[in-house]
Amino acid sequence: MSRRMLVAGNWKMYTTSGEGATLVQDVADLLEMLDVEAEVAVCPPFTGLKAVSTLIELDHLTIALGAQDCHWESEGAYTGAIAPRMLADLRCSYVIVGHSERREYFGETDETVNKKVRAVFDAGMTPIMCVGESLAVREALETEAFVRQQVRIGAEGLTPEQAARLVVAYEPIWAIGTGRTPTPEAANDVARSIRATLGAVYGPPVAMQVRVLYGGSVKPENAKMFFEEPDVDGGLIGGAALKADSFVDIVKAAR
Ligand code: 13P
């Protein structure tokens, strides 16, 4: 079963809509000169989605659009929140769900993550469900048990078709924005364990189709090492996605 690699940029709370449009245009210009095998996605802040979406459509760019979060309801009195169907309307294909920054600063739990995962599928998009352990969990040697639990709850109640389309991003919290990373082998062990967890619920053929990304201090210098691992199907890139050349160098590593 061959899975197409995915390299997604999570722009977090960076870029105005104008800056985002410039960044995606720069990325597209660099990609045009390459024979790219991986699927490439960018996830701007909500306010940048419209401008980037318009650019992608008008210029026929082969870049997928993603959002960084959403609510699980399709509409309602939830001041400040964004519904999945509003994102689908802007031609988003992906929504990042359960990023550790959402869990830490905005009180997301495995249960809210699960509601969002299902809502994103129901709106016809694909969730990029983030999981990953803290340093304390890692040092207690409980990483796999912790991540398995996040995956089990986060991916509960999907149809087999949905489960097969799921993207899981393994992002150890201690590796995000720190310049520290697990070894590629250690990242692969957790990726394999994520796949096995989904396999236990949805069956091995479904689990073989799930794409598992690695995220956390991925740079042009280390991307290839992670992408060569058999259970790592690409990356979720933070800081290095904010510069067109470093992001595209990471895309180049995904073949
Ligand atoms: P960095 O690549 O900046 O470590 O961020 C990773 C991340 O959180 C992507 O979602």
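Counting starts at 1 for both ligands and their atoms, following the listed order.
- The shortest N/O to N/O separation between E101 and ligand 1 does not fall below 3.5 Å.
- Among the atoms of G215, none of the N or O lies under 3.5 angstrom from an N or O of ligand 1.
- Heavy-atom contacts of G239 reach the following atoms of ligand 1: 1 (P), 2 (O), 3 (O) (cutoff under 4.0 Å).
- For the pair D233 and R195, the salt-bridge criterion is met [side-chain N within less than 4.0 Å of a carboxylate O].
- Side chains of W11 and Q68: no donor on one and acceptor on the other come within 3.5 Å.
- Residues K115 and E73 are not paired through a salt bridge, judged by the lack of any N-O separation under 4.0 Å between the basic side chain and the carboxylate.
- Between the side chains of R103 and T109, not a single donor N or O lies within less than 3.5 Å of an accepting N or O.
- Every atom of ligand 1 with a heavy atom of G216 under 4.0 Å away is listed here by number and element: 4 (O), 6 (C).
- Residue contacts with ligand 1: N10 is placed with a nitrogen or oxygen under 3.5 Å of a nitrogen or oxygen of the ligand (distance criterion only).
- Side-chain contact, E39 with Y94: a donor N or O sits under 3.5 Å from an acceptor N or O.
- Counting atoms of ligand 1 from 1 in the listed order, those under 4.0 Å from a heavy atom of S217 are 1 (P), 2 (O), 4 (O).
- Distances between N or O atoms of L236 and those of ligand 1 include no value under 3.5 Å.
- Residue contacts with ligand 1, taken as heavy atom pairs separated by less than 4.0 Å, involve I176 via backbone and side-chain atoms alike.
- The closest approach between K12 and ligand 1 falls below 4.0 Å for a heavy atom of the residue.
- Considering each of G238, C130, G177, P172, the one bringing a non-hydrogen atom nearest atom 4 (O) of ligand 1 is G177.
- Take Y78 and apply the ring pair (Phe, Tyr, Trp, His ring centres under 6.0 Å) test, not counting sequence neighbours, and it matches H71.
- Closest to atom 7 (C) of ligand 1, if we only count protein heavy atoms, is E171 OE2, 3.2 Å.
- Residue pairs that meet the ring pair (Phe, Tyr, Trp, His ring centres under 6.0 Å) test with at least one member in residues 120-169, sequence neighbours left out, do not exist here.
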